[in-house]
*Asks:* 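Please see the structure below; I have some questions.
As the structure is a computational prediction, the values presented were derived from the model and not from experiment. Per chain, numbering begins at 1; letters A, B, ... match sequence-line order.
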Amino acid sequence: MNLFNSILTSIVIVVIFWACAFFQTSIAHAIQHKEVGASLELSKKANAEKVKVHKTALDNAELVNESITKIINFSGIKQRIYLEDTPQLWQRFNSDTKIHKLLKQQPKQIFVTYSALSKDFKQADVAIGYNVIELSKFDSHHTIEMHRLKRLLAKGKYSDSALTDAWKSIDYNKAIDYVLEVHDLSNGTDIESTQLFVAYK
Amino acid sequence: MEFLSQILTPDDVWGLEAWIDDWFFVIAIALFLIECVRYVIKKKFTKDFFGDSVANFVTLGLFILIVATVGATYAGVFIFTYEQFSLVQLPINGWTILCCIILADLAYYWEHRFLHMNGFGWATHTVHHSSPHFNISVAYRHGPMDWFFPLFFHLPLALIGFHPFVIFLAEIVVQVFQTLLHTETVKKLPRPIEAIFNTPSHHRVHHATNKQYLDKNYAGIFIIWDKMFGTFAEEKEPVNYGIYPKLNSVNPIKVFFSGYVKLCQRLWNAPSWGYRWNLLVKSPTWAWQQENK
């Protein structure tokens, strides 16, 4: 191969491997959605079985298939607040231009975790953010281990009061690690549906 | 394969790079000592071998001094380019690191080929080739400007979105891989490995002065680059190591600056400006041929 063709071939190789590195996020995202979708489908079936047996409010909580150990990392803002101040934290997140500038594409989901809940359940460390695979860079991130999640609310559109009521399904006899809200977005901004999970220690 | 998708922070990558850098040197020294024992047994451990090996490590020390001076600037250029001009910013995870290693290896191939194809680049790279021996210590035989040229060949990786620390890690992996190739102890590896990877056999050819081996096997990790671009040669006959003209010195200072001293002498004694220009841009073989006409 002469020098010109060698350089040309090298450029093609660079484009191929750069594309692999670049589109891995989309591929991973697609796989992740498929797996989460599958896990929720499985949990739905599991829930149906449980409802038949127990018929209690708690039984509406669905167990996410424990064999799936998918990890989701998200990054955004985090603050220790009174839970009643959550709307203000959302406001801060929505107006945080720094994080929104780092989005590589229209975000598909927003993750919210409530961790380190105070004894009176009035305060928590609240983190709101996007999946890191949708961000070009980030300083720190929070990890969600899907297999640890117990579902409290199925995917759907809920009012704030319905979301608050769902917290009553939490088994407060167990030590809570965090409560997770997953908001699916349409057009990258509007919340289309929400799911609620809890992870016990 | 999930661990390859696990997001890493730049600090994780930096830590991994420092760990490889430090511990691999310890491993390389251990391997060199084993080689020395082998040479002793074969009665090939000569005074010249010892002097040459000492010179190799002294050039490494001089090189580290230079890198310590310019290293921050070197890293700064990458970070500035990445933060201000990068096309995208790729996520930092195992897949990205793997892609970066492959591309850094390709960049290394072209950098290495460039160093062999012009007088200015060869003046620093000739130091590495000037040893008449071939062992692990030769891998550490550096020239004064060896830090300079990689900048231009690896900076495009920052432009297309690889984080500078990922690029530095990839550069280290390519270097570390090559260090192990500087040995006569390993003859030939299994055929599939010889077909895809650079091996001690392929790299012996690269260090040869045998006519049919000149300017061949520039690869770092993957020999497939040479096979694709027509610069590959198979090791068939015994290799004679070194350069033309021979250096014949184990004085580390003389070794370290030999390339640029020789280039300056040639430029000073050149018959014309055109000849001087050719000394800088044409291959060292051209200069050697002119002097032996």
*Asks:* Tell me whether B:Lys227 forms a cation-pi arrangement with B:Phe232, defined as NZ or CZ under 6.0 Å from the six-membered ring centre and within 45 degrees of its axis.
*Replies:*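 Yes; both conditions hold, so B:Lys227 lies above the ring face of B:Phe232.
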
*Asks:* Under 6.0 Å from the OH atom of A:Tyr82, do we count more than 12 heavy atoms belonging to anything else shown?
*Replies:*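 Open.
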
*Asks:* Indicate whether any N or O donor in one side chain lies under 3.5 Å from an N or O acceptor in the other, for B:Glu235 and B:Tyr213.
*Replies:*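 B:Tyr213 and B:Glu235 do not have a side-chain donor-acceptor pair below 3.5 Å.
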
*Asks:* Under 3.5 Å, is there a donor-acceptor pair between the A:Asp184 and A:Ser193 side chains?
*Replies:*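 Yes.
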
*Asks:* Which atoms of B:Leu98 come close to chain A, meaning under 4.5 Å heavy atom to heavy atom: side chain ones, backbone ones, both, or neither?
*Replies:*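 For B:Leu98, neither part sits under 4.5 Å from chain A.
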
*Asks:* How close do A:Trp90 and A:Ile110 get, heavy atom to heavy atom, and via which atoms?
*Replies:*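 Heavy atoms of A:Trp90 and A:Ile110 come nearest at CH2-CG2, 3.7 Å.
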
*Asks:* Side chains of B:Thr199 and B:Ser201: do they bring a donor and an acceptor to under 3.5 Å?
*Replies:*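 Their side chains do not contain a donor-acceptor pair, so the 3.5 Å distance test is not met.
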
*Asks:* In residues 151-168 of chain B, which residues are in contact with chain A at a heavy-atom separation under 4.5 Å?
*Replies:*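 Those residues of residues 151-168 of chain B which have a heavy atom under 4.5 Å from chain A are B:Ile160, B:Phe162.
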
*Asks:* Only heavy atoms, only distances under 4.5 angstrom. Which residues in residues 74-81 of chain A are near chain B?
*Replies:*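 Residues in range: none.
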
*Asks:* A quick test of your reading: do over 12 heavy atoms of other residues, nucleotides or ligands sit less than 6.0 Å from CZ of A:Phe4?
*Replies:*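 No, CZ of A:Phe4 has 12 or fewer neighbouring heavy atoms, counting only those of other groups under 6.0 Å.
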
*Asks:* Is any NZ, NE, NH1 or NH2 atom of the basic residue among B:Glu234 and B:Lys188 found under 4.0 Å from an Asp or Glu carboxylate oxygen of the other?
*Replies:*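 Yes.
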
*Asks:* If you count every heavy atom of other residues, nucleotides or ligands that lies below 6.0 Å from B:Asn292 atom CG, does the total exceed 12?
*Replies:*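 More than 12 within 6.0 Å, yes.
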
*Asks:* Tell me whether B:Trp14 at atom CH2 has more than 12 heavy atoms from other residues, nucleotides or ligands lying less than 6.0 Å away.
*Replies:*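 Atom CH2 in B:Trp14 is not crowded, with 12 or fewer foreign heavy atoms closer than 6.0 Å.
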
*Asks:* Could you list the residues that satisfy salt bridge (charged side-chain N to carboxylate O under 4.0 Å, His left out) with A:Asp165, not counting sequence neighbours?
*Replies:*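 Partners of A:Asp165 under the salt bridge (charged side-chain N to carboxylate O under 4.0 Å, His left out) test: A:Lys168.
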
*Asks:* If we define contacts as heavy-atom pairs under 4.5 Å, which of A:Ile16, A:Val14, A:Leu135 has the most with chain B?
*Replies:*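 That would be A:Val14.
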
*Asks:* Heavy-atom cut-off 4.5 Å, strictly under: side chain, backbone, both or neither for A:Ile7 against chain B?
*Replies:*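 When you check distances to chain B, atoms from both the backbone and side chain of A:Ile7 fall under 4.5 Å.
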
*Asks:* Taking non-hydrogen atoms and a cut-off under 4.5 angstrom, which of residues 108-120 of chain B neighbour chain A?
*Replies:*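 The stretch touches chain A at B:Trp110, B:Arg113.
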
*Asks:* Over 60° means perpendicular and under 30° means parallel, so tell me whether B:His182 and B:His207 are parallel, tilted or perpendicular.
*Replies:*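 Judged by the thresholds at 30° and 60°, the geometry between B:His182 and B:His207 is perpendicular.
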
*Asks:* Would you call the rings of A:Phe93 and A:Tyr130 parallel, tilted or perpendicular, where under 30° means parallel and over 60° means perpendicular?
*Replies:*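 A:Phe93 and A:Tyr130: tilted rings.
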
*Asks:* Under 6.0 Å from the CH2 atom of B:Trp288, do we count more than 12 heavy atoms belonging to anything else shown?
*Replies:*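 It does: B:Trp288 CH2 has more than 12 such atoms within range.
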
